[in-house]
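The next block holds one structure in the form of structure tokens; read it before the comments.
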Amino acid sequence: MQLIIQQIFNNNTVLVDLGDNQSAIVKGKGIAFHKSKKSFLDSSKIEKIFYLDSVDSQKNLYFLLKDIPIDIVTTTYEIVDYAKKKFNYPVIDYVYITLSDHIYGAYKRYLAGKYQASHIPDMSNQYIDEYLIASKGLSIINHNLNIKLPDTEIRNIALHFINAHDNKNRMQQVNTEIDFAKLIKTVLVRNNIFRTESNSNYYDRFMVHLQYLKQRLDNTSQDTKFDRKIELEIERDYPGSTDIAKQISNKIKQIKGVQLTSKELLYFIIHIQRITQEDGLHQH
């Protein structure tokens, strides 16, 4: 089968047309050297291929490429591909966006000498597969990007997979009419939290996270006692952010009758903590 180049990202990475409206990202040393759009690819040079097997996955790729370098994007696809193939781990597509955004942020902070180790509690006993995936993911990140993030970064990566797990036997359905971002912004404003120049990166990441809230609520699994232990640790360490996150949770429950899981609440607390810390707000 001859592969036709749709787009060249750099000498080593291209987007190819597989026919039947299917596409894939292909990597290989010098695979695009002296090539142009619509030319045929030398399949013998292919080292890795990441299939874009849905319309959403193709849209996500173009969304990511607007702000994130291709090497970060392909690193994310490699990690997710590993999770799917080695662990048969089902994820909803938003993980490509959130994980790429996280890796890019960590990469920039590392290069600027501002990277800080994760303070997220260790949940490896409860989420074994996710932590194994994240451990391999960290190795892929450090190798592909030529950096050396610490082992605590595994907790951050694992949390993305925990939160993006696609539970087919979902227990509840949520109406699509509600605008979660608008609802949550009202709670943030009430607590004097606004988008500013200093917190814009973290604030925007939180808004991206909210775009997929309805889909995650459709796919939530049951909470566990271990999840509650983690929540208690976070409440102790970040009382101000926890209070705001619970205000959001109560608002969602009041309007839609849906209770956020401990995992989702944990993510809210972390996002809010990052926004307020970056903006220099002191919580009480």
Side-chain angles (χ1 to χ4, degrees), residues 98 101-102 105-106 109 114-127 130-131 134 150-164 178 180-213 216-217 220-284:
T98 58
D101 182 73
H102 170 77
R109 290 192 296 276
K114 296 180 180 179
Y115 180 86
Q116 294 183 348
S118 173
H119 294 296
I120 296 172
D122 187 340
M123 298 182 279
S124 57
N125 287 340
Q126 181 68 17
Y127 299 106
E130 288 84 352
Y131 270 69
D151 287 345
T152 54
E153 180 63 24
I154 291 172
R155 302 176 188 180
N156 290 328
I157 301 169
L159 193 58
H160 282 278
F161 283 94
I162 292 168
N163 213 22
I178 186 168
F180 284 109
K182 185 176 180 180
L183 181 152
I184 290 168
K185 281 180 181 179
T186 62
V187 178
L188 296 179
V189 169
R190 191 166 66 237
N191 287 275
N192 296 315
I193 298 176
F194 304 89
R195 186 184 187 277
T196 66
E197 184 177 352
S198 58
N199 74 16
S200 58
N201 285 338
Y202 288 123
Y203 190 96
D204 292 343
R205 287 173 198 168
F206 190 26
M207 292 303 109
V208 170
H209 180 78
L210 297 179
Q211 289 176 20
Y212 295 86
L213 179 57
R216 291 195 304 278
L217 291 176
T220 52
S221 57
Q222 294 295 307
D223 273 345
T224 65
K225 292 180 179 179
F226 189 82
D227 286 334
R228 181 56 184 159
K229 283 184 179 180
I230 299 300
E231 187 179 346
L232 289 172
E233 288 185 35
I234 291 293
E235 288 179 2
R236 181 196 63 208
D237 293 340
Y238 307 129
S241 296
T242 298
D243 178 63
I244 296 170
K246 287 187 175 181
Q247 290 178 41
I248 293 171
S249 179
N250 291 337
K251 192 74 172 177
I252 292 174
K253 185 176 182 180
Q254 175 188 343
I255 294 177
K256 297 305 299 179
V258 177
Q259 182 69 55
L260 294 185
T261 65
S262 293
K263 287 181 289 187
E264 192 65 43
L265 190 66
L266 172 65
Y267 232 141
F268 273 40
I269 294 169
I270 292 169
H271 274 293
I272 294 167
Q273 180 68 19
R274 286 171 174 168
I275 292 170
T276 53
Q277 275 189 337
E278 195 70 18
D279 209 31
L281 297 177
H282 297 284
Q283 297 184 52
H284 301 285

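The chain is numbered in sequence order, starting from 1. In what follows, every heavy atom counts, from backbone to side chain, and hydrogens, waters and symmetry copies are set aside.
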By side chain to side chain donor-acceptor pair (under 3.5 Å) - contacts of [X] (at least two apart):
X      : value
Tyr267 : His160
Asp243 : Gln247
Lys253 : Gln259
Asn156 : Ser118, Glu153

Any donor-acceptor pair under 3.5 Å from Asn191 side chain to Ile193 backbone: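 Pair absent, no side-chain N/O of Asn191 close to backbone of Ile193.
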
When you measure from the side chain of Tyr131 to the backbone N and O of Met123, does any donor-acceptor pair fall under 3.5 Å?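 Flag set: sc Tyr131 to bb Met123 pair under 3.5 Å.
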
In Å and rounded to the nearest 0.5 Å, what is the [atom1] to [atom2] distance from [X] to [Y]?
X      : Y      : atom1 : atom2 : value
Ile157 : Ile162 : CD1   : CD1   : 12.0 Å
Ile244 : Ile184 : CD1   : CD1   : 12.5 Å
Asn199 : Arg274 : CG    : CZ    : 13.5 Å
Ile275 : Ile270 : CD1   : CD1   : 12.0 Å
Arg190 : Ile248 : CZ    : CD1   : 9.0 Å
Leu266 : Leu159 : CG    : CG    : 5.5 Å

By salt bridge (Lys or Arg N to Asp or Glu O under 4.0 Å), which residues pair with Arg109, not counting sequence neighbours?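 Result, salt bridge (Lys or Arg N to Asp or Glu O under 4.0 Å) vs Arg109: none returned.
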
Any heavy-atom pair between the side chains of Thr98 and Asn163 that's under 4.5 Å?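 No, too far: nothing below the 4.5 Å cut-off.
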
Side-chain contact, heavy-atom cut-off 4.5 Å: Phe194 with Val189?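 Yes, close enough: below the 4.5 Å cut-off.
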
With sequence neighbours excluded, tell me which residues meet side chain to side chain contact (heavy atoms under 4.5 Å, CB included) with Ala245.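 Result, side chain to side chain contact (heavy atoms under 4.5 Å, CB included) vs Ala245: Leu265, Phe268, Ile269, Ile272.
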
For residues Ala158 and Ala134, report the shortest heavy-atom separation together with the two atoms involved.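 Closest approach of Ala158 to Ala134: N-CB, 3.4 Å.
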
Keeping to residues at least two apart or across chains, list the ring-ring contact (aromatic ring centres under 6.0 Å, His included) pairs with something in residues 242-262.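 Counting only pairs at least two positions apart or across chains, no ring-ring contact (aromatic ring centres under 6.0 Å, His included) contact touches residues 242-262.
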
Asp151 atom CG, neighbour heavy-atom count above 12 within 6.0 Å: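 Not more than 12 within 6.0 Å, no.
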
